[in-house]
K.L.:
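Sharing a structure below in structure tokens format, with a few things to ask.
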Amino acid sequence: MPSPRLSVVVTRRLPEPVETRMKELFDVRLRDPDTRMSREELAEAMQSADVLVPTITDQIDAALIGQAGDRLRLIANYGSGVDHIDVATARSRGILVSNTPGVVTEDTADMVMALIMAVTRRIPEGIASMAGGNWDGWSPMAFLGSRLAGKRLGILGMGRIGQAVARRAKVFGCQVHYHNRRRVRPEIEEELEATWWESLDQMLARMDIVSINCPHTPSTFHLLNARRLKLMKPSAVVVNASRGEVIDENALTRALRAGEIAGAGLDVYERGNQINPRLREVPNVVLLPHMGSATIEGRIEMGEKVLINIKTFADGHRPPDQVVPGML
Ligand SMILES: NC(=O)C1=CN([C@@H]2O[C@H](COP(=O)(O)OP(=O)(O)OC[C@H]3O[C@@H](n4cnc5c(N)ncnc54)[C@H](O)[C@@H]3O)[C@@H](O)[C@H]2O)C=CC1
Ligand SMILES: O=C(O)C(=O)CO
């Protein structure tokens with residue numbers, strides 16, 4: 001007798017081809033309408049399903065995992081960051097966790113470059129001027145930004161996205177520097193012509209642009225804090241398309257106001273979509289609504305990764321993108 005199909009609950013709407021394939025393969029409950037699940041709805045889903053497919057805005061904490069039903073065996077996250085899932089508690093309950101790394105690397109690196117260009121070349125100001133109909137023609141001194149070529153870019157977190165940013169920045173003529181938990185392989189350093197800094201503090205003090213590309217973990221929480229922001233050059237710019245918690249947002253706001261750094265470009269925030277109102281008021285900040293990976297191709301490939309993770313698990317193997325505590 002064929003084994004019964006796995007019961008899967010998906011917490012948000014996904015691209016149509018992904019949902020169609022989910023229906024073909026599993027006994028799936030899809031989300032309709034496309035709103036976030038409440039905590040009660042998540043708890044109910046975790047009681048009734050074999051597999052939960054949450055996204056990065058669902059807080060799957062120890063309490064929720066503690067209440068999960070015995071049949072929940074896999075949390076197959078739709079997203080690469082897993083800082084919203086208590087992976088250690090899941091493991092202690094024998095629940096596997098998987099994610100979708102690698103498929104949005106290029107898209108997110110593109111958006112990092114867009115943020116760098118937006119801040120250093122004042123693109124939002126130009127757009128606002130045109131939209132407001134108050135541009136009165138070219139002027140030698142209008143909208144002066146700073147040149148990217150020749151600038152030092154310091155990448156904090158030289159993993160997949162960090163390296164994709166480095167590749168782009170090199171083409172733009174930047175000098176690439178990086179700080180990472182571990183030094184990357186020599187051939188990668190050579191390809192990127194990248195300089196490794198063992199000391200984050202020393203790197204920060206010398207960079208023109210800093211791009212944050214490490215995950216949010218206990219060791220990266222507020223890595224860019226008030227003390228480190230003070231080390232940076234007053235002309236420096238910071239961009240963050242990883243997770244908001246890596247920067248102390250209050251300290252960043254103060255540093256921008258005090259002119260300790262020149263600008264910031266953010267795709268992610270410390271409290272999700274609860275944007276610090278003071279951040280909106282400071283000049284030289286470009287704020288994006290967590291859209292670093294938002295391409296249709298990337299979203300479909302994320303879904304394909306989720307499908308492969310669940311299918312492999314259903315076939316009795318470990319999902320290829322299994323996340324284990326401490327691996328990030
Ligand atoms: N804005 C967006 O839409 C997206 C954001 N992300 C975020 O970007 C993060 C990075 O993604 P990937 O590059 O694919 O991850 P990755 O795992 O390939 O690279 C992360 C790098 O950070 C380094 N790292 C970790 N802790 C560190 C520490 N304390 N100090 C210095 N380096 C440290 C790791 O050694 C690794 O090299 C994800 O965890 C996710 O939070 C990912 C995709 C899209
Ligand atoms: O995958 C992630 O971690 C994101 O932030 C969105 O793609």
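Order of listing sets the numbers, starting from 1, for every ligand and every atom in it. Keep in mind the model is a prediction, meaning the values are calculated, not measured.
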K.L.:
What part of D267, side chain, backbone, both or neither, has a heavy atom within less than 4.0 angstrom of ligand 1?
P.N.:
side chain

K.L.:
Have a look at A241, G292, C214, G81 and point out the one with the heavy atom closest to atom 9 (C) of ligand 1.
P.N.:
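Looking at heavy atoms only, C214 sits closest to atom 9 (C) of ligand 1.
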
K.L.:
So, is H290 polar-close to ligand 2, with some N/O to N/O distance under 3.5 Å?
P.N.:
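Yes: some nitrogen or oxygen of H290 is under 3.5 Å from one in ligand 2.
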
K.L.:
Could you give the side-chain donor-acceptor pairs of residues 134-155 under 3.5 Å, partners two or more places apart or in another chain?
P.N.:
residue: W135; atom: NE1; partner: G137; partner atom: O; Å: 3.3
residue: S139; atom: OG; partner: M141; partner atom: N; Å: 3.4
residue: K151; atom: NZ; partner: R147; partner atom: O; Å: 2.5

K.L.:
Can you spot which of D61, T57, T55, N77 makes a side chain to side chain contact (heavy atoms under 4.5 Å, CB included) with H84?
P.N.:
N77

K.L.:
Have a look at N180, I161, D83 and point out the one with the heavy atom closest to atom 8 (O) of ligand 1.
P.N.:
I161

K.L.:
Taking the basic N atoms (NZ, or NE/NH1/NH2) and the acidic carboxylate oxygens, is any pair closer than 4.0 Å for D58 and R12?
P.N.:
no

K.L.:
Do the charged groups of R93 and D70 touch, with an N to O distance under 4.0 Å?
P.N.:
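Answer for the salt bridge query: yes.
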
K.L.:
Run the contact test for R243 against ligand 1 with a 4.0 Å cut-off on heavy atoms, strictly below, and give the result.
P.N.:
yes

K.L.:
When you measure from atom 1 (O) of ligand 2 to every protein heavy atom, which one gives the shortest distance, and what is it?
P.N.:
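Its nearest protein heavy-atom neighbour is S80 N, 2.7 Å.
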
K.L.:
Looking only at distances, can you tell me whether any N or O atom of R160, backbone or side chain, sits closer than 3.5 Å to an N or O atom of ligand 1?
P.N.:
yes

K.L.:
Out of P215, G159, P101, G79, whose heavy atom is nearest to atom 19 (O) of ligand 1?
P.N.:
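Looking at heavy atoms only, the winner is G159.
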
K.L.:
S293 to ligand 1: N or O pair under 3.5 Å?
P.N.:
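Yes, S293 has an N/O under 3.5 Å of an N/O on ligand 1.
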
K.L.:
What do you reckon, does M158 put a non-hydrogen atom under 4.0 Å from ligand 1?
P.N.:
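For ligand 1, residue contact (heavy atoms, under 4.0 Å) with M158 is present.
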
K.L.:
Under a 4.0 Å N-O cut-off, is there an ion pair linking R183 with E189?
P.N.:
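Salt bridge present between R183 and E189.
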
K.L.:
Could you name the option among H84, M291, R243, H216 that has the heavy atom nearest to atom 3 (O) of ligand 2?
P.N.:
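Result: the heavy atom closest to atom 3 (O) of ligand 2 is in R243.
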
K.L.:
Record the part of I56 in heavy-atom contact with ligand 2 below 4.0 Å; permitted values are side chain, backbone, both and neither.
P.N.:
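The side chain, only.
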
K.L.:
Who's closest to atom 7 (O) of ligand 2 heavy-atom-wise, of S293, G292, S242?
P.N.:
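It is S293 whose heavy atom sits nearest to atom 7 (O) of ligand 2.
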
K.L.:
Using a strict 4.0 Å cut-off to heavy atoms of G79, name the atoms of ligand 2 that fall inside it.
P.N.:
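Going through ligand 2 atom by atom, the ones under 4.0 Å from G79 are 1 (O).
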
K.L.:
Below 3.5 angstrom, do we get any N/O pair linking V104 and ligand 2?
P.N.:
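By distance alone, the answer is no.
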
K.L.:
Nearest heavy atom to atom 25 (C) of ligand 1: which of Q163, H290, R181 does it belong to?
P.N.:
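The option holding the nearest heavy atom is R181.
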
K.L.:
Of the choices D107, V104, N213, which has the non-hydrogen atom that lies closest to atom 10 (C) of ligand 1?
P.N.:
N213

